[in-house]
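Worksheet: the structure to be examined is printed underneath.
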Number of protein chains: 2
Amino acid sequence: MESLDSFLVQTFARNLKRLRSKAGMSQEELALKSGLDRTYVSGCERGVRNPSLVSVEKVASALGVRVEELFVGAS
Amino acid sequence: MESLDSFLVQTFARNLKRLRSKAGMSQEELALKSGLDRTYVSGCERGVRNPSLVSVEKVASALGVRVEELFVGAS
DNA sequence: CTGTGACTTTCAGTCCGTC
DNA sequence: CGACGGACTGAAAGTCACA
């Protein structure tokens, strides 16, 4: 699948990957904790998914970070 | 329609309304500038819509604010 | 452990209105 | 000007087998 050309989506993707790694979690663990599918998390990190706020909230909660953290670098 | 029970959606709703008012724009003007539908903007402000990141990016751009501003108060 | 294509179901997002 | 409803279309949500 092709990655989306939205700057916000790509920023979210990078931060998600960064924060998940920092937390020492695998995509699979994050998926489990957030109640999302492993392949969906994968798609979000690659910037090929355009998640809704409800999905954003789920991963932020699972990572134990504030939502703003997932958007750092978005101007 | 019923309002969503997502904290992030409600936070976004409040901030959107606040920032739009501050900018002195009507919902219709914001809709036009962002390329979204008038009724959709209304739904977002009432917290009955669950926007995607692409839509969030559109309204932030139209309002001339950083994305983080739309999530102020979300912990 | 992660990427990916294909797929079905649900809902984001539009457009027509009324009050 | 804004809340709200109905009907619609395209895209997001959610899942799977396989690389």
Side-chain angles (χ1 to χ4, degrees), chain A residues 1-65 67 70-71 74, chain B residues 1-65 67-71 74:
Chain A
M1 197 183 228
E2 187 148 342
S3 94
L4 305 180
D5 70 349
S6 155
F7 186 61
L8 187 55
V9 166
Q10 300 306 325
T11 301
F12 175 77
R14 280 194 307 275
N15 283 311
L16 177 55
K17 187 162 194 168
R18 178 178 62 81
L19 291 166
R20 177 181 61 77
S21 301
K22 190 177 167 187
M25 297 173 86
S26 67
Q27 288 182 352
E28 206 160 7
E29 288 173 317
L30 176 57
L32 201 67
K33 276 194 87 171
S34 60
L36 296 170
D37 192 80
R38 175 186 73 75
T39 65
Y40 185 70
V41 172
S42 171
C44 284
E45 288 195 359
R46 283 178 289 130
V48 301
R49 295 279 187 162
N50 175 25
S52 70
L53 291 190
V54 167
S55 295
V56 170
E57 187 171 29
K58 284 179 182 171
V59 297
S61 169
L63 285 171
V65 301
V67 173
L70 288 163
F71 297 117
Chain B
M1 196 182 220
E2 189 151 340
S3 95
L4 304 182
D5 68 352
S6 155
F7 186 61
L8 187 55
V9 166
Q10 299 306 324
T11 301
F12 175 76
R14 280 194 307 275
N15 283 311
L16 177 55
K17 187 162 194 169
R18 178 178 61 81
L19 292 166
R20 177 182 60 79
S21 300
K22 190 178 167 186
M25 297 174 86
S26 68
Q27 289 181 350
E28 205 161 7
E29 286 174 318
L30 176 57
L32 201 67
K33 275 196 89 171
S34 60
L36 294 169
D37 193 78
R38 159 181 78 78
T39 64
Y40 185 67
V41 171
S42 170
C44 284
E45 289 195 358
R46 282 178 288 133
V48 302
R49 292 288 184 162
N50 175 27
S52 71
L53 291 189
V54 167
S55 294
V56 170
E57 188 172 29
K58 284 179 182 172
V59 297
S61 169
L63 285 171
V65 301
V67 173
E68 290 101 318
E69 297 245 33
L70 287 164
F71 296 118

Heavy atoms under 4.0 Å, any strand shown: does B/G35 hit a base, just sugar-phosphate, or nothing? sugar-phosphate
Write down the atom of A/A60, the atom of A/L70, and the distance for their closest heavy-atom approach. CB-CD1, 3.7 Å
Do A/V59 and A/F12 have side-chain heavy atoms sitting under 4.5 Å apart? yes
Would you confirm whether B/S61, through its side chain, and B/E57, through its main-chain N or O, come within 3.5 Å as a donor-acceptor pair? no
For the atom pair CG (A/L8) and NZ (B/K58), what is the distance rounded to the nearest 0.5 Å? 12.0 Å
Between atom CD in B/E2 and atom P in D/dG6, what is the gap in whole Å? 14 Å
Do you know which two heavy atoms are closest between A/F7 and A/A74, and how far apart they sit? CE2-CA, 4.0 Å
Rounding to an integer number of Å, can you tell me how far A/L4 CG sits from D/dA12 P? 7 Å
Of the residues in residues 46-54 of chain B, which ones touch DNA chain C at a heavy-atom distance under 4.0 Å? B/R49, B/N50, B/P51, B/S52
Would you mind reading off the distance between A/L30 atom CG and C/dG3 atom C1', rounded to a whole angstrom? 16 Å
Per the under-4.0 Å heavy-atom filter, residues of residues 17-29 of chain B near DNA chain D come out as B/K17, B/R20, B/S26, B/Q27
For A/F12 and D/dA12, what is the distance between atoms CZ and C1' respectively, to the nearest whole Å? 13 Å
Restricting both atoms to N or O, compile the protein contacts to nucleotides 16-19 of chain D shorter than 3.5 Å, with distance only.
unit_1: D/dC16; atom_1: N4; unit_2: A/T39; atom_2: OG1; d: 2.9

For A/R38, give me all partners under side-chain hydrogen bond (donor to acceptor under 3.5 Å, both in side chains), at least two apart in sequence or on another chain. none
Atom CG of A/L32 to atom P of D/dT15: distance rounded to whole Å? 12 Å
Mind checking side chain to side chain contact (heavy atoms under 4.5 Å, CB included) for A/S26 and listing every partner two or more places apart, or none if nothing turns up? A/E28, A/E29
If every non-hydrogen atom of A/V41 is compared with every non-hydrogen atom of A/L16, which pair is closest and at what distance? O-CD2, 4.5 Å
Ignoring backbone atoms, test whether B/S42 places a side-chain nitrogen or oxygen under 4.0 Å from the OP1 or OP2 oxygen of D/dG2. no
Side chains of residues 42-51 of chain B: which donor-acceptor pairs under 3.5 Å do they make with residues two or more places apart or in other chains?
unit_1: B/S42; atom_1: OG; unit_2: B/R46; atom_2: NE; d: 3.2
unit_1: B/S42; atom_1: OG; unit_2: B/R46; atom_2: NH2; d: 3.2
unit_1: B/E45; atom_1: OE1; unit_2: B/R20; atom_2: NH2; d: 3.0
unit_1: B/E45; atom_1: OE1; unit_2: B/Q27; atom_2: NE2; d: 3.0
unit_1: B/E45; atom_1: OE2; unit_2: B/R20; atom_2: NE; d: 2.4
unit_1: B/E45; atom_1: OE2; unit_2: B/R20; atom_2: NH2; d: 3.4
unit_1: B/R46; atom_1: NE; unit_2: B/S42; atom_2: O; d: 3.3
unit_1: B/N50; atom_1: OD1; unit_2: A/S52; atom_2: OG; d: 3.4
unit_1: B/N50; atom_1: OD1; unit_2: A/L53; atom_2: N; d: 3.2
unit_1: B/N50; atom_1: OD1; unit_2: A/V54; atom_2: N; d: 3.1
unit_1: B/N50; atom_1: ND2; unit_2: A/S52; atom_2: OG; d: 2.9

Test side-chain hydrogen bond (donor to acceptor under 3.5 Å, both in side chains) applied to B/Q10 - qualifying residues, sequence neighbours left out: none
Just N and O in the side chain of A/S55: are any of them under 4.0 Å from OP1 or OP2 of D/dA12? no
Please report, rounded to the nearest Å, how far the C1' atom of D/dA12 is from the NZ atom of A/K58. 12 Å
When you compare the side chain of A/L63 with that of A/M25, does any pair of heavy atoms fall below 4.5 Å? yes
